[in-house]
Participant: 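Okay, here's the structure, questions in a sec.
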Amino acid sequence: MSRLAVIGAGYVGLTTAACMARLGHTVVAADIDADRVALLSKGEVPILEEGLPELLAEGLASKRLRFVVGAANAAPDAEFVFLCVPTPQGDDGSADLSFVEAVAREIAPALRPGTVVVNKSTMPVGSTRVVERILAAAGASIEEIGVASNPEFLREGTSVRDFLEPNRVVIGCDDPSVAVRVSELYRGLKAPILVTDSASAEMIKYASNAFLATKISFVNAIANLCEAVDADVREVVLGMGYDTRIGFEFLRPGPGYGGSCFPKDTAALLHAAEQAGYDFTLLQGVVDVNRRQHERMVDKARDLAGGSLDGVRVAALGLTFKANTDDLRDSPAIHIVRRLIEEGARVVAHDPAAPARVLDLVPGLELAGDPYAACAGAGLVAVLTEWDAFRWLDFGRVAAELAEARILDTRNLLDPAAMRRLGFVYEGVGR
Ligand code: NAD
Ligand code: UGA
């Protein structure tokens, strides 16, 4: 078993730290945010992730997991240092590596000979080399230190399960002996381990996210076409998905993809393609379809409201970028709600997990304590996130609360026939 440092205790870092401790390693996790470190040290998980509180408790109790403030305080004793800090979208679409660079500079003087720095943050092709150069410039003896790429494929909401039962583990390093050392950390998992060069590992991560985004934009485009020709996209996807070459996954139509990764990673891949002189028209189309899909939901809301949203009270059900997470980053729901308010609607929202700071993100938004309160007096209800709880609402009661029984179901969560039987004017996506 090995000694690990994990830098950045967010969705990826915290999951990595807790799961690596479960696998038997000793982990010191560092964050720059002292409040977060204090909470984690007390066993409190500041994000919504199924199974994480239990794993954190287990790690703290076994003393295989502890938390410190500052990367430099985690690095000195580590055989492996995992970088799990943000790589947000820069102004030109590229991945902003400033967090990674800052950490590399900070840890360089503390690294022991033989330590491997593992890039788990999503970073463009060439970043392994960038980290090597920064470490060397900041005083690390680079001949004695390895740098590997080990991209992460977990999804928010199911991060623990995705980490412990991955479809694959990808490790990229131009020195095979370093890659083998990293692969041994995952020995406890039943998953294929792909060892490759660093550039290919980095590209695998972007290609995977871009492909999943492509599936979503493709099905959204088909859904829009279904609306024009009176077909039902749900039936279409069912008929497509039985073909094992296509499958059922990531073909749920909706308001367009969001979250902290697909939007920024598609932008970064487009930027990288442009830099490389490749015209990636296909991916540009995926991004354009997605942007228009958000706006299409606003069009649907306006049509349902009779042509204008001005003065219309809208009940928004859901604000997070998908169900079972508290993450609001690049949420389609937030985009839609902002646009509704811009067009003069009064929006009262309910979300079971969205943090209260959502009010700072959307000026003018009001929050209600439960879905029925959000609906009171509203002229339109819009389901924006596919929380299971919304599926099981008492829609008779919802109808009674509303001023007008009109429902926009951007997630195709509800049964249109049942809604219409209850007297709703129902609008979904592609059906
Ligand atoms: P996050 O914002 O949830 O967490 C990042 C953490 O790093 C924060 O707690 C922040 O305080 C901390 N941090 C920032 N600078 C630091 C520093 N100098 N020293 C120590 N800690 C520092 O981010 P995330 O969602 O976990 O994403 C991290 C990376 O993983 C990104 O590159 C992302 O693209 C990638 N990724 C994310 C997911 C996901 O589902 N969220 C999945 C796969 C890959
Ligand atoms: C996504 C990938 O699924 C992970 O493999 C990857 O590791 C991660 O990005 C990352 O790199 O950060 P995540 O963003 O947590 O994970 O969420 P997803 O479940 O992939 O959903 C992303 C967006 O696509 C959401 O807005 C979701 O509602 C939407 N989506 C997803 C659809 O509209 N239709 C679908 O069929 C699936």
Side-chain angles (χ1 to χ4, degrees), residues 5-17 29-37 40 46-47 49 67-75 82-89 95-107 119-124 127 150-159 162-163 166-167 205-206 208-213 215-220 223 237 241 247-266 268 290 293-294 318 320-327 329-333 335 384-386 410-412 429:
V6 173
I7 314 301
Y11 290 92
V12 168
L14 185 53
T15 304
T16 301
D31 205 281
I32 202 169
D33 178 343
D35 293 341
R36 177 171 279 250
V37 168
L40 290 166
I47 52 176
E49 272 305 335
F67 295 89
V68 296
V69 179
N73 293 323
F82 281 78
L83 307 188
C84 303
V85 290
T87 49
Q89 187 172 331
D96 172 359
L97 294 185
S98 58
F99 292 88
V100 172
E101 291 167 4
V103 170
R105 276 193 291 273
E106 188 181 339
I107 61 173
N119 292 348
K120 200 172 247 320
S121 296
T122 301
M123 300 188 216
S127 300
N150 172 212
E152 181 50 57
F153 301 98
L154 65 78
R155 289 161 297 177
E156 288 178 23
T158 53
S159 71
D162 289 346
F163 192 99
N167 292 147
K205 175 63 195 175
Y206 281 96
S208 300
N209 272 3
F211 188 73
L212 292 169
K215 288 188 83 171
I216 298 169
S217 275
F218 183 84
V219 82
N220 282 335
V237 168
F248 294 102
E249 299 269 339
F250 274 70
L251 289 176
R252 265 181 292 117
Y257 58 76
S260 69
C261 291
F262 287 172
K264 82 165 168 64
D265 291 347
T266 47
N290 196 57
Q293 194 69 7
H294 297 339
T320 55
F321 82 94
K322 62 173 186 178
N324 305 318
T325 180
D326 55 350
D327 200 342
R329 289 179 285 183
D330 244 313
S331 171
H335 177 86
L384 301 179
T385 309
E386 74 284 18
T410 72
R411 298 287 186 162
N412 287 348
V429 180

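In listed order, ligands and their atoms are each counted from 1.
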Participant: For C261, which part has a heavy atom under 4.0 Å from ligand 1: side chain, backbone, both, or neither?
Facilitator: side chain
Participant: Polar contacts were defined as any N/O atom of the residue lying under 3.5 Å from an N/O atom of the ligand; does this apply to F321 and ligand 2?
Facilitator: yes
Participant: When you measure from the heavy atoms of G259 to every atom of ligand 2, does any distance fall below 4.0 Å?
Facilitator: no
Participant: Looking at atom 30 (N) of ligand 2, what's its closest protein heavy atom, distance included?
Facilitator: I216 CD1, 3.4 Å
Participant: For K264 and ligand 1, answer yes if some heavy atom of the residue is under 4.0 Å from a ligand atom, otherwise no.
Facilitator: yes
Participant: Any N or O of L212 that comes nearer than 3.5 Å to an N or O of ligand 2?
Facilitator: no
Participant: Report the member of Y11, F262, Y257, F250 with the shortest heavy-atom distance to atom 22 (C) of ligand 2.
Facilitator: F262
Participant: Within a strict 4.5 Å, meaning less than it, do heavy atoms of the R155 and N324 side chains meet?
Facilitator: no
Participant: Any idea which protein heavy atom is nearest atom 12 (O) of ligand 2, and the distance to it?
Facilitator: C261 SG, 2.1 Å
Participant: Under the side-chain hydrogen bond (donor to acceptor under 3.5 Å, both in side chains) rule, collect the residues that match up with N119, sequence neighbours excluded.
Facilitator: none
Participant: Rounded to the nearest 0.5 Å, what separates atom OG1 in T16 from atom CD1 in I7?
Facilitator: 11.5 Å
Participant: Which atoms from ligand 1 have a heavy atom of K205 less than 4.0 Å away?
Facilitator: 43 (C)
Participant: Considering non-hydrogen atoms of the protein only, which is the closest contact for atom 21 (O) of ligand 2, and what is the distance?
Facilitator: K322 CD, 4.0 Å
Participant: How far apart are the closest heavy atoms of N220 and P253, and which atoms are they?
Facilitator: OD1-CA, 3.1 Å
Participant: If you count the atoms of ligand 1 from 1 in the order shown, which ones are under 4.0 Å from a heavy atom of S260?
Facilitator: 41 (N)
Participant: What are the atoms of ligand 1, with element, lying closer than 4.0 Å to any heavy atom of I32?
Facilitator: 11 (O), 13 (N), 16 (C), 17 (C), 18 (N), 19 (N), 20 (C), 21 (N), 22 (C)
Participant: With respect to atom 43 (C) of ligand 1, which of E152, R36, R105 exhibits the smallest heavy-atom separation?
Facilitator: E152
Participant: Please indicate whether any nitrogen or oxygen in T122 is less than 3.5 Å from any nitrogen or oxygen in ligand 2.
Facilitator: no
Participant: On a heavy-atom basis, I'd like to know which of E152, K215, R252, R155 is closest to atom 35 (C) of ligand 2.
Facilitator: R252
Participant: Specify the closest pair of heavy atoms between L251 and V219, including all atoms of both residues, with the distance to one decimal.
Facilitator: O-CG2, 3.4 Å
Participant: Do any nitrogen or oxygen atoms of F153 lie less than 3.5 angstrom from nitrogen or oxygen atoms of ligand 2?
Facilitator: yes
Participant: Distance under 4.0 Å to a non-hydrogen atom of P86: what atoms of ligand 1 satisfy this?
Facilitator: 2 (O), 5 (C), 7 (O), 14 (C)
Participant: Which ligand 1 atoms does F99 reach within 4.0 Å, using its non-hydrogen atoms?
Facilitator: 14 (C), 15 (N)
Participant: Report, in ascending order of atom number, the atoms of ligand 1 lying under 4.0 Å from any heavy atom of C84.
Facilitator: 5 (C), 28 (C)
Participant: Between R329 and ligand 1, which residue portion shows a heavy-atom distance shorter than 4.0 Å: side chain, backbone, both, or neither?
Facilitator: side chain
Participant: Using a 4.0 Å cutoff against the non-hydrogen atoms of G8, which atoms of ligand 1 qualify?
Facilitator: 6 (C), 7 (O), 12 (C), 21 (N)
Participant: Do G256 and ligand 2 have an N or O pair less than 3.5 Å apart?
Facilitator: no
Participant: For L251, counting its heavy atoms only, list the atoms of ligand 2 lying under 4.0 Å from any of them.
Facilitator: 36 (O)
Participant: Identify which of D327, T87, V85, V103 has a heavy atom lying nearest to atom 28 (C) of ligand 1.
Facilitator: V85
Participant: Looking only at heavy atoms, which two atoms of K322 and E156 are closest? And how far apart?
Facilitator: NZ-O, 2.7 Å
Participant: Polar contacts were defined as any N/O atom of the residue lying under 3.5 Å from an N/O atom of the ligand; does this apply to N209 and ligand 2?
Facilitator: yes
Participant: Checking contacts here: is it the side chain or the backbone of N220 that comes within 4.0 Å of ligand 2, counting heavy atoms only? Could be both or neither.
Facilitator: neither
Participant: Could you check atom 8 (C) of ligand 2 against the protein and tell me its nearest heavy-atom contact, residue, atom and distance included?
Facilitator: L154 O, 3.5 Å
Participant: Short list, please: which atoms of ligand 2 are under 4.0 Å from a heavy atom of E156?
Facilitator: 15 (O)
Participant: Using heavy atoms and a threshold below 4.0 Å, how should the contact between V219 and ligand 2 be classified: side chain, backbone, both, or neither?
Facilitator: neither
Participant: On a heavy-atom basis, which atom in A95 and which in P124 lie closest, and how many Å separate them?
Facilitator: CB-CD, 3.8 Å
Participant: Number the atoms of ligand 2 from 1 as they appear, then name those within less than 4.0 Å of a heavy atom of K205, with their elements.
Facilitator: 6 (C), 7 (O), 10 (C), 11 (O)
Participant: If we only consider heavy atoms of R411, is any one of them less than 4.0 Å away from an atom in ligand 2?
Facilitator: yes
Participant: I'd like to check T266 versus N290 (side-chain heavy atoms, cut-off strictly below 4.5 Å). Are they in contact?
Facilitator: no
Participant: If every non-hydrogen atom of P332 is compared with every non-hydrogen atom of P255, which pair is closest and at what distance?
Facilitator: CB-CG, 4.0 Å
Participant: Closest heavy-atom contact between K215 and F250?
Facilitator: CB-O, 3.4 Å
Participant: Between E249 and ligand 2, find which residue part has any heavy-atom pair under 4.0 Å and reply side chain, backbone, both or neither.
Facilitator: neither
Participant: S260 versus ligand 2: do any nitrogen or oxygen atoms come within less than 3.5 Å of each other?
Facilitator: no
Participant: Would L14 and E49 count as a side chain to side chain contact (heavy atoms under 4.5 Å, CB included) here? Give the steps.
Facilitator: CA-CA 10 Å; L14 185 53; E49 272 305 335; over 6 Å; no
Participant: For atom 23 (C) of ligand 2, find the nearest protein heavy atom and state the residue, atom name and distance (0.1 Å precision).
Facilitator: G258 O, 3.6 Å
Participant: Looking at I7, which atoms of ligand 1 are within less than 4.0 Å of one of its heavy atoms?
Facilitator: 19 (N), 20 (C)
Participant: Decide side chain to side chain contact (heavy atoms under 4.5 Å, CB included) for L83 and I107; before the verdict, give the C-alpha distance in whole Å, the side-chain angles of both, and the deciding distance to 0.1 Å.
Facilitator: CA-CA 11 Å; L83 307 188; I107 61 173; 4.3 Å; yes
Participant: Can you confirm, on distance only, whether ligand 2 has an N/O atom lying under 3.5 Å from any N/O atom belonging to E386?
Facilitator: no
